Amino acid sequence: MKRILTYGTYDLLHYGHIRLLKRAKAMGDYLVVAISTDEFNGTKGKKAYHNYETRKEMLEAVRYVDLVIPETDWGQKIDDVKTYAIDTVVMGSDWADDPRFECLRDYCEVVYLDRTEGISTTQIKQELNLPQEELFEK
């Protein structure tokens with residue numbers, strides 16, 4: 001069984017998220033999604049519209065997702081790969097070459113998928129005039 005892992009906040013779930021999850025699931029048999037907790041988002045200067053439990057419930061309803069786990073800090077990724085016997089970590093291409101994911105190559109395959117053009121949570125928040133989080137480094 002090939003196990004895939006991806007990370008994200010998954011706030012205001014949209015078709016770009018669904019496309020990424022569908023493509024990630026197509027790469028293996030079991031998809032684990034680690035979503036940032038509200039506390040972790042706070043350390044990044046981010047505030048999600050939906051709280052962690054709501055975002056978790058929405059992702060659990062997506063047919064491509066087999067397991068949702070909390071992401072509580074940047075440093076947990078190697079432990080996640082080991083704990084869940086992950087074969088491949090999949091992220092959006094905006095994370096390409098980021099050392100926080102590149103370090104996982106010693107433990108599993110790392111794949112960056114192209115983002116879906118024309119959609120982002122930031123764009124949705126802007127168009128709906130929702131409060132924006134402060135600028136932060138991803």
Side-chain angles (χ1 to χ4, degrees):
M1 174 183 289
K2 188 169 182 184
R3 298 168 72 89
I4 310 298
L5 171 63
T6 191
Y7 290 86
T9 299
Y10 292 94
D11 193 23
L12 301 181
L13 193 62
H14 55 70
Y15 72 89
H17 293 137
I18 299 300
R19 285 193 69 234
L20 182 124
L21 296 169
K22 181 178 182 180
R23 291 181 291 162
K25 176 66 178 228
M27 297 177 73
D29 305 298
Y30 192 85
L31 178 60
V32 179
V33 179
I35 60 171
S36 301
T37 62
D38 299 328
E39 296 77 17
F40 182 41
N41 276 338
T43 68
K44 298 186 286 184
K46 265 179 110 169
K47 181 169 180 11
Y49 182 81
H50 293 292
N51 67 28
Y52 170 81
E53 287 302 325
T54 300
R55 292 180 286 119
K56 181 177 188 275
E57 186 176 337
M58 288 189 302
L59 278 172
E60 289 172 337
V62 175
R63 68 179 175 182
Y64 309 114
V65 176
D66 295 295
L67 177 66
V68 178
I69 63 171
E71 180 186 23
T72 59
D73 64 76
W74 289 115
Q76 76 183 61
K77 290 172 180 47
I78 291 171
D79 287 339
D80 290 346
V81 168
K82 291 177 179 178
T83 299
Y84 297 98
I86 299 301
D87 299 292
T88 305
V89 170
V90 175
M91 291 300 295
S93 58
D94 50 327
W95 290 98
D97 299 322
D98 189 299
R100 291 170 281 204
F101 293 99
E102 287 299 308
C103 69
L104 299 175
R105 290 190 186 279
D106 292 339
Y107 304 91
C108 66
E109 180 182 21
V110 178
V111 174
Y112 301 103
L113 298 176
D114 289 337
R115 293 180 54 99
T116 301
E117 288 190 39
I119 187 73
S120 73
T121 301
T122 301
Q123 173 193 351
I124 291 170
K125 286 181 176 182
Q126 288 171 347
E127 290 177 5
L128 294 175
N129 292 317
L130 295 175
Q132 296 291 309
E133 62 265 359
E134 298 187 20
L135 292 177
F136 66 96
E137 184 178 327
K138 59 176 182 176

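Every value quoted in this text rests on a predicted model; they were computed, and no experiment measured them.
Within the structure, salt bridge (Lys or Arg N to Asp or Glu O under 4.0 Å) contacts touching residues 75-91 (residues at least two apart or in different chains) are Glu71-Lys77. Among residues at least two apart or in separate chains, salt bridge (Lys or Arg N to Asp or Glu O under 4.0 Å) pairs with a member in residues 49-61 are Asp38-Arg55, Lys56-Glu60.
Rounded to the nearest 0.5 angstrom, Tyr10 OH and Ile35 CD1 are separated by 9.5 Å. With values rounded to the nearest 0.5 angstrom, Ile18 atom CD1 is found 4.5 Å from Leu13 atom CG. With rounding to the nearest 0.5 angstrom, the CD atom of Glu39 is 12.0 Å from the CG atom of Asp73. Distance check: Phe101 CZ to Tyr112 OH gives 7.0 Å after rounding to the nearest 0.5 Å. Rounding to the nearest 0.5 Å places OH of Tyr49 at 9.0 Å from CG of Asp11. Atom CG of residue Asn41 and atom CG of residue Asn51 lie 11.0 Å apart, to the nearest 0.5 angstrom.
When all heavy atoms of Ala24 and Ile4 are compared, the closest pair comes out as O-CG1, 3.7 Å. The two residues Thr37 and Pro70 make their nearest non-hydrogen contact at CG2-CB, 3.7 Å. Here the closest heavy-atom approach between residue Ser93 and residue Asp114 is recorded as OG-CA, 3.7 Å.
Annotation: side-chain contact (heavy atoms from CB on, under 4.5 Å) contacts of Leu67 (sequence neighbours excluded): Tyr30, Val32, Ile69, Tyr84. For Asp29, there are no salt bridge (charged side-chain N to carboxylate O under 4.0 Å, His left out) partners two or more places apart in sequence or in a different chain. In this view, Asp66 and Lys25 satisfy the side chain to side chain donor-acceptor pair (under 3.5 Å) rule, not counting sequence neighbours. Evaluation of the ring pair (Phe, Tyr, Trp, His ring centres under 6.0 Å) rule for Phe40 yields Trp74 as partners, not counting sequence neighbours. Under the side chain to side chain donor-acceptor pair (under 3.5 Å) criterion, Thr43 pairs with no residue at all, not counting sequence neighbours. In this view, Thr72 and Gln76 satisfy the side chain to side chain donor-acceptor pair (under 3.5 Å) rule, not counting sequence neighbours. Under the salt bridge (charged side-chain N to carboxylate O under 4.0 Å, His left out) criterion, Arg105 pairs with Glu102, not counting sequence neighbours. Residues that satisfy the salt bridge (charged side-chain N to carboxylate O under 4.0 Å, His left out) test with Lys2, not counting sequence neighbours, are Glu109.
Counting only heavy atoms from C-beta outward, the side chains of Leu104 and Ile78 approach each other to under 4.5 Å. Put simply, the side chain of Trp95 does not reach to within 4.5 Å of the side chain of Val110, judged on heavy atoms. By the 4.5 Å heavy-atom criterion applied to side chains, Leu31 and Val90 are not counted as neighbours.
With Thr9 contributing its side chain and Ser36 its backbone, the two residues share no donor-acceptor pair below 3.5 Å.
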Original post:
Between Met91 and Thr6, does a side chain to side chain contact (heavy atoms under 4.5 Å, CB included) hold up when you go through it step by step?
Top reply: CA-CA 6 Å; Met91 291 300 295; Thr6 191; 3.7 Å; yes
